[in-house]
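Just follow the structure's listing: the first ligand is 1, and inside any ligand the first atom is 1. Side-chain atoms are counted along with the backbone in the values below, which use heavy atoms only and exclude waters and symmetry mates.
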Amino acid sequence: MRSEMDVYVPRTLDEALQQKSAHPDAISLAGGTDVMVEINFGRLRPAGIIDLTRIPELREWRREDSHLFLGAGVTYSRIVRELADFVPLVQASRSVGSPQIRNRGTVGGNLGTASPAGDALPVLAAYDAEVVLQNRRGTRSLPWHTFLQGPKKTAMAPDELIRGTRWQVVNGPGSFSKIGTRNAMVIAVAGLCLQVDQDARQVRVALGSVGPTILRAPEAERFIAERLTWDDPGAPVTDEVVAEFAELVGRAAKPIDDVRGTARYRVHGCTVLAGRALRWALEERKAFKWL
Ligand SMILES: Cc1cc2nc3c(=O)[nH]c(=O)nc-3n(C[C@H](O)[C@H](O)[C@H](O)COP(=O)(O)OP(=O)(O)OC[C@H]3O[C@@H](n4cnc5c(N)ncnc54)[C@H](O)[C@@H]3O)c2cc1C
């Protein structure tokens with residue numbers, strides 16, 4: 001095991017990209033809430049660390065016409081404070097760890113770790129977000145499902161950084177909820193984001209912690225899109241339709257048994273979360289008359 005580790009502290013994005021290109025085996029560090037756990041437990045001993053925390057470009061978010069761009073280094077605490085319009089993202093951010101973790105942890109780090117239990121990831125999947133990657137030669141954008149390749153596996157090249165994530169701002173209600181063994185400081189046993197897209201006439205549902213990576217529930221999405229009266233948000237939706245939607249969401253889950261829960265419990269969890277999320281969205285649609 002190496003005893004020495006080089007630490008690079010770039011002040012600009014250009015400098016960071018140069019260092020990543022020169023030292024592709026050095027690990028990027030944002031909040032460090034995943035990286036430092038791995039190092040402290042002796043599971044990771046990178047050749048070097050590139051500390052990204054001093055790079056202003058990574059800490060920006062901005063509206064770009066009809067899209068939102070969220071820099072990789074925006075923390076969960078800032079999302080809660082500054083991005084109130086993005087309700088599911090705020091709900092997911094608020095559920096991450098403790099205040100200390102939310103003050104340090106970033107969505108870029110959640111993407112970089114690519115855990116199926118990463119709480120921001122079902123939200124990005126339900127937003128149909130893309131991940132913006134950059135190296136010295138330029139940038140490229142990948143759909144979330146191309147970027148996330150499997151448990152802790154991404155399409156990022158060794159000389160690339162995550163610049164941020166970008167999605168079309170959606171008109172419609174949405175929510176994020178998760179099941180765990182307690183209400184705070186918990187890794188999700190199952191997590192779900194539901195986002196209604198009133199303009200595209202879609203209901204998008206993404207699941208976390210119930211498969212090797214984040215999953216969408218396409219059959220359930222099609223089923224409910226065909227049953228909503230899109231021109232009349234107040235039109236009733238029967239309990240049977242909600243129950244069948246929830247059942248279809250449960251069927252989209254591909255969980256395993258592990259220390260946190262059995263596969264059966266996780267499927268049931270998805271069913272319960274889906275039914276609740278759909279009811280909340282229907283109530284909100286009625287109240288706001290989203291059209
Ligand atoms: C006590 C505790 C509780 C937690 N609770 C939760 C929880 O409830 N929900 C949850 O989802 N997570 C939780 N986590 C995990 C962690 O906080 C999140 O995954 C967080 O989003 C990681 O962000 P970070 O900025 O700290 O990432 P880091 O640890 O700095 O990095 C994580 C990974 O992303 C890479 N990376 C980071 N930024 C970039 C970039 N710009 N370009 C390229 N690669 C990059 C790093 O190289 C590394 O591989 C918890 C962690 C702890 C210690």
Side-chain angles (χ1 to χ4, degrees), residues 7-8 10 13 16-17 19-21 23-41 43-44 46-60 69-80 89 91-125 131-135 139-140 142 147-148 151-165 176-191 193 208-209 213-214 260:
V7 178
Y8 306 93
L13 186 58
L17 292 170
Q19 285 163 347
K20 198 73 186 99
S21 165
H23 311 284
D25 52 352
I27 194 164
S28 307
L29 180 127
T33 60
D34 280 325
V35 169
M36 293 315 296
V37 173
E38 293 298 295
I39 290 178
N40 289 342
F41 276 106
R43 295 192 290 250
L44 178 72
I49 288 181
I50 302 181
D51 177 357
L52 303 176
T53 53
R54 288 165 181 78
I55 299 174
E57 295 98 316
L58 296 179
R59 294 199 299 264
E60 289 170 2
F69 174 82
L70 181 70
V74 178
T75 62
Y76 297 110
S77 294
R78 281 188 56 210
I79 290 172
V80 172
L89 186 63
Q91 290 172 334
S93 300
R94 207 180 271 134
S95 85
V96 172
S98 60
Q100 294 89 336
I101 298 295
R102 294 195 286 274
N103 285 342
R104 297 285 312 180
T106 63
V107 171
N110 220 222
L111 282 164
T113 296
S115 159
D119 286 321
L121 306 182
V123 179
L124 298 182
V131 180
V132 184
L133 298 168
Q134 190 166 356
N135 66 10
T139 59
R140 61 178 180 138
L142 299 179
F147 176 80
L148 296 175
K152 308 210 164 177
K153 203 164 174 291
T154 74
M156 182 164 47
D159 68 343
E160 282 181 316
L161 292 177
I162 304 167
R163 184 78 172 74
T165 169
F176 169 85
S177 47
K178 74 185 191 188
I179 293 177
T181 44
R182 55 189 181 197
N183 275 342
M185 281 287 283
V186 72
I187 301 181
V189 175
C193 180
S209 287
T213 184
I214 306 303
R260 283 181 277 133

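Of the protein's non-hydrogen atoms, Val35 CG2, 3.5 Å is the one closest to atom 31 (O) of ligand 1. Of the protein's non-hydrogen atoms, Ala30 CB, 3.6 Å is the one closest to atom 38 (N) of ligand 1. Scanning the protein for heavy atoms near atom 51 (C) of ligand 1, the closest one is Thr33 O, 3.8 Å. Closest to atom 10 (C) of ligand 1, if we only count protein heavy atoms, is Asp119 OD2, 3.7 Å. For atom 43 (C) of ligand 1, the closest heavy atom belonging to the protein is Ile162 N, 3.3 Å. Protein heavy atom in closest approach to atom 39 (C) of ligand 1: Leu52 CD1, 3.9 Å. The protein atom (non-hydrogen) at minimum distance from atom 27 (O) of ligand 1 is Gly109 CA, 3.3 Å.
The part of Val186 lying near ligand 1 is the backbone, judged by heavy-atom distances below 4.0 Å. Proximity of Glu38 to ligand 1, defined as any heavy-atom pair under 4.0 Å, is not found for any part of the residue. Residue Met185 touches ligand 1 through its side chain alone, judged by heavy-atom distances below 4.0 Å. Contact annotation: for Ser115 versus ligand 1, there are no heavy atoms closer than 4.0 Å. Contacts between Leu111 and ligand 1 below 4.0 angstrom, taking non-hydrogen atoms only, are absent altogether.
The closest approach between any non-hydrogen atom of Ala117 and ligand 1 is below 4.0 Å. Under a 4.0 angstrom heavy-atom cut-off, Arg94 registers as lying outside contact with ligand 1. Residue contacts with ligand 1 do not include Met36, since none of its heavy atoms lies under 4.0 Å from the ligand. Remark: distances from the non-hydrogen atoms of Ile187 to ligand 1 are all 4.0 Å or more.
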Exercise. Going through the checks in order, is the side chain to side chain contact (heavy atoms under 4.5 Å, CB included) test met by Cys193 and Gln91?
Worked result: CA-CA 10 Å; Cys193 180; Gln91 290 172 334; over 6 Å; no
For this session: Could you walk me through whether Thr106 and Leu52 pass side chain to side chain contact (heavy atoms under 4.5 Å, CB included), step by step?
Result: CA-CA 11 Å; Thr106 63; Leu52 303 176; over 6 Å; no
Exercise. Between Val37 and Arg43, is a side chain to side chain contact (heavy atoms under 4.5 Å, CB included) present by the stated rule, with each step listed?
Worked result: CA-CA 9 Å; Val37 173; Arg43 295 192 290 250; 4.0 Å; yes
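Inter-residue side-chain proximity for Phe147 and Leu133 is flagged as met; some heavy-atom pair is nearer than 4.5 Å. Leu161 is listed as a side-chain neighbour of Ser28, based on a closest heavy-atom distance under 4.5 Å. A heavy-atom distance below 4.5 Å is not found between the side chains of Thr154 and Val131. In this structure, the side chains of Thr75 and Val107 stay at 4.5 Å or more apart for every pair of heavy atoms. Within the 4.5 Å cutoff, no side-chain heavy atoms of Asp25 are placed close to those of Pro158.
For ligand 1, the atoms sitting less than 4.0 Å from at least one non-hydrogen atom of Lys178 are 8 (O), numbered in the order shown with element in parentheses. Against a heavy-atom cut-off of under 4.0 Å, Ala72 is close to the following atoms of ligand 1: 41 (N). Distances below 4.0 Å separate heavy atoms of Val37 from the following atoms of ligand 1: 53 (C). Counting the atoms of ligand 1 from 1 in the order shown, those under 4.0 Å from a heavy atom of Gly31 are 24 (P), 25 (O), 26 (O), 30 (O). Interface atoms of ligand 1 facing Ser95, defined by a heavy-atom separation under 4.0 Å, are 8 (O). Heavy-atom proximity to Leu29, at under 4.0 Å, picks out these atoms of ligand 1: 30 (O).
In this structure, OG in Ser21 is found 7.5 Å from CG in Asn135, a value given to the nearest 0.5 Å.
The option with the heavy atom closest to atom 32 (C) of ligand 1, from among Thr154, Thr75, Thr113, Asp51, is Thr113. For atom 15 (C) of ligand 1, the choice among Val96, Asp34, Ile101 with the nearest heavy atom turns out to be Asp34. Within the set Gly97, Ser28, Gly112, Gly118, the minimum heavy-atom distance to atom 46 (C) of ligand 1 is found for Ser28. Nearest residue to atom 36 (N) of ligand 1 from Gly71, Gly108, Gly32 is Gly108 (criterion: closest heavy atom).
For ligand 1, the polar-atom distance check finds no N/O of Leu161 at less than 3.5 Å from any of the ligand's N/O atoms.
The pair Arg163-Glu57 does not meet the salt-bridge criterion, since no charged nitrogen lies less than 4.0 angstrom from a carboxylate oxygen.
Looking at Thr113, its side chain never comes within 3.5 Å of a backbone N or O of Asn110 through a donor-acceptor pair. Using modelled atom types, no side-chain atom of Lys178 and backbone atom of Asp119 make a donor-acceptor pair closer than 3.5 Å.
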Taking distance alone, no hydrogens or angles, what donor-acceptor pairs closer than 3.5 Å link side-chain atoms of residues 179-190 to residues at least two apart or in another chain?
residue	atom	partner	partner atom	Å
Arg182	NE	Ala184	O	3.0
Arg182	NE	Met185	O	3.3
Arg182	NH2	Met185	O	2.6

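Residue Arg102 comes nearest to Val96 through the heavy atom pair NH1-O, 2.8 Å, listed as atom of the first residue, atom of the second, then distance. Closest approach of Leu148 to Ala114, counting heavy atoms only: CD2-CB, 3.8 Å.
Listed by chain and residue number, Met36 satisfy the side-chain contact (heavy atoms from CB on, under 4.5 Å) test with Asn40 (two or more places apart in sequence, or in another chain).
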